[in-house]
Amino acid sequence: MEQLAYQNPNPVLRAGADGKIIYSNNASEALLKKWDTGMGEKLPPSIENLVKKVVKGTSHEKIEVRAGKKVYLVTFYPVPGEDYANIYGFEITGQKKLEQKLRIKEKQYDALYTLGRIALKCESLQAFLDESVKLIAKTLDLEFCKILELKPDGNFLVIAGTGWKPGYVGFAFVKGGKWSQAGYTIFSKVPVIVKNFAEENRFEAPEILREHNIAS
């Protein structure tokens, strides 16, 4: 049995009621590193308390642990008549990523539905745009959001926005051309994402973004 546990691709540990680890397999390394402990050493207080609770009781306990880029569902099982608990970890990283994607999609669909309702009740296009930027910023958890209108001279006017300093929305212009993100987006005809303007070489950060210390 010990050999099977040692070869298990998932974390398998055993901890005494005193909080010390008395067994761990190779796959437990990620959890041990997360808990900053090792064989014969004590678990962190929060985990030690779980072990003590399980040893004294008859039911198991479950927690989620993020160790590096992985997420584990860790279960603590009592061993009848023994003064220790068995700890089993099961990686659920893929499941958590899927859940996160589903939550994001749900938020986006809710936002689209809300946009439709806003469009029906707004009396003007400007009112619709003003409400839209607020909803978009809230849905995507953004500090800033703006809608630009392409003018005949090739530049862009900020016609709606949220988060900007007073006097920008309705008055500030963003230069067009391929050396601005807005202009580059028009020419490329695909979404354009900037992760860090300090490392961007396709175009320059417009003045309005520099003035608001926006990096991405």
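Using a 4.0 Å cut-off between a side-chain N of Lys or Arg and a carboxylate O of Asp or Glu, Lys96 and Glu64 qualify as a salt bridge.
Rounding to the nearest 0.5 Å gives a distance of 12.5 Å between CD1 of Ile92 and NZ of Lys97. Here CD1 of Ile193 is found 7.5 Å from NZ of Lys195. Values are rounded to the nearest 0.5 Å. The structure places CD of Gln126 at 6.0 Å from CD1 of Ile159, a figure rounded to the nearest 0.5 Å. For the atom pair NZ (Lys62) and CZ (Phe90), the distance works out to 11.0 Å, reported to the nearest 0.5 Å. In this structure, CD1 on Ile104 lies 9.0 Å from NZ on Lys101, to the nearest 0.5 angstrom.
The two residues Ile208 and Ala172 come nearest to each other via the heavy atoms CD1-CB, 4.3 Å. Shortest non-hydrogen contact noted between Leu115 and Ser132 is CD2-OG, 3.4 Å. In plain terms, the two heavy atoms of Ala182 and Leu148 that are nearest each other are CB-CD1, 3.7 Å. Contact between Lys178 and Phe187 at its shortest, heavy atoms only, is CG-CD1, 3.4 Å. The two residues Asp130 and Ala160 make their nearest non-hydrogen contact at OD1-CB, 3.8 Å. When all heavy atoms of Ile87 and Ala15 are compared, the pair lying nearest together is CD1-CB, 4.0 Å.
Under the 30°/60° scheme for interplanar angles, the aromatic rings of Phe144 and His212 are found to stand perpendicular.
In terms of hydrophobic clustering, with Ile, Leu, Val, Met, Phe, Trp and Tyr side chains grouped at heavy-atom distances under 4.5 Å, Ile147 and Ile186 are assigned to different clusters. Connection of Leu142 to Leu112 is not established within any shared hydrophobic cluster, with ILVMFWY side chains joined at heavy-atom distances below 4.5 Å, either directly or through further cluster members. The cluster map of Ile, Leu, Val, Met, Phe, Trp and Tyr, joined by side-chain heavy atoms under 4.5 Å apart, puts Ile214 and Val158 in the same cluster. Linking ILVMFWY residues whenever their side-chain heavy atoms come closer than 4.5 Å, directly or via other members, leaves Val71 and Val65 in distinct clusters. Residues Val192 and Phe156 share a single hydrophobic cluster, defined by chaining ILVMFWY side chains whose heavy atoms lie under 4.5 Å apart.
In this structure the side chain of Leu50 never reaches within 4.5 angstrom of the side chain of Val54, judged on heavy atoms. Contact of the Lys146 side chain with the Tyr168 side chain is not registered, since no non-hydrogen atoms from C-beta on lie closer than 4.5 Å.
Between the side chain of Lys165 and the backbone N or O of Glu211, at least one donor-acceptor pair lies under 3.5 Å. Between the Thr139 side chain and the Ile136 main chain, no donor and acceptor come within less than 3.5 Å of each other. Using a distance-only test at 3.5 Å, with no hydrogens or angles considered, no donor-acceptor pair links the side chain of Trp179 to the main chain of Tyr184. With Ser28 contributing its side chain and Val12 its backbone, the two residues share a donor-acceptor pair below 3.5 Å.
Applying the salt bridge (charged side-chain N to carboxylate O under 4.0 Å, His left out) rule to pairs touching residues 108-121 yields nothing, sequence neighbours excluded. Among residues at least two apart or in separate chains, side-chain hydrogen bond (donor to acceptor under 3.5 Å, both in side chains) pairs with a member in residues 34-52 are Lys42-Glu48, Glu48-Lys52. Sorted by first and then second residue, the side-chain hydrogen bond (donor to acceptor under 3.5 Å, both in side chains) pairs with a member in residues 73-91 read Arg14-Asn86, Glu91-Thr93; sequence neighbours excluded.
For Leu102, the CG atom is densely surrounded, since the number of other residues' heavy atoms within 6.0 Å is greater than 12. A 6.0 Å sphere centred on CD of Glu207 holds no more than 12 heavy atoms belonging to other residues, nucleotides or ligands. Within a 6.0 Å radius of CG in Asp141, other residues, nucleotides and ligands contribute 12 heavy atoms or fewer.
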Check: side-chain contact (heavy atoms from CB on, under 4.5 Å) between Gln181 and Phe197: does it pass, once the steps are laid out?
Finding: CA-CA 10 Å; Gln181 183 177 7; Phe197 268 110; 3.5 Å; yes
Next item on the list: Given side-chain contact (heavy atoms from CB on, under 4.5 Å), test Ile47 with Phe76 step by step and report yes or no.
Entry: CA-CA 10 Å; Ile47 306 301; Phe76 300 74; 3.8 Å; yes
Margin query: Show, in sequence, the C-alpha distance, side-chain angles and deciding distance for Lys138 and Thr162, and conclude whether the side-chain contact (heavy atoms from CB on, under 4.5 Å) test is met.
Written below: CA-CA 10 Å; Lys138 181 180 179 181; Thr162 183; over 6 Å; no
Next item on the list: Verify side-chain contact (heavy atoms from CB on, under 4.5 Å) between Leu129 and Leu125, making sure each step is shown before the conclusion.
Entry: CA-CA 6 Å; Leu129 296 178; Leu125 174 60; 4.2 Å; yes
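When the options Val51, Leu13, Leu31 are evaluated for a side-chain contact (heavy atoms from CB on, under 4.5 Å) with Leu43, the one that passes is Val51.
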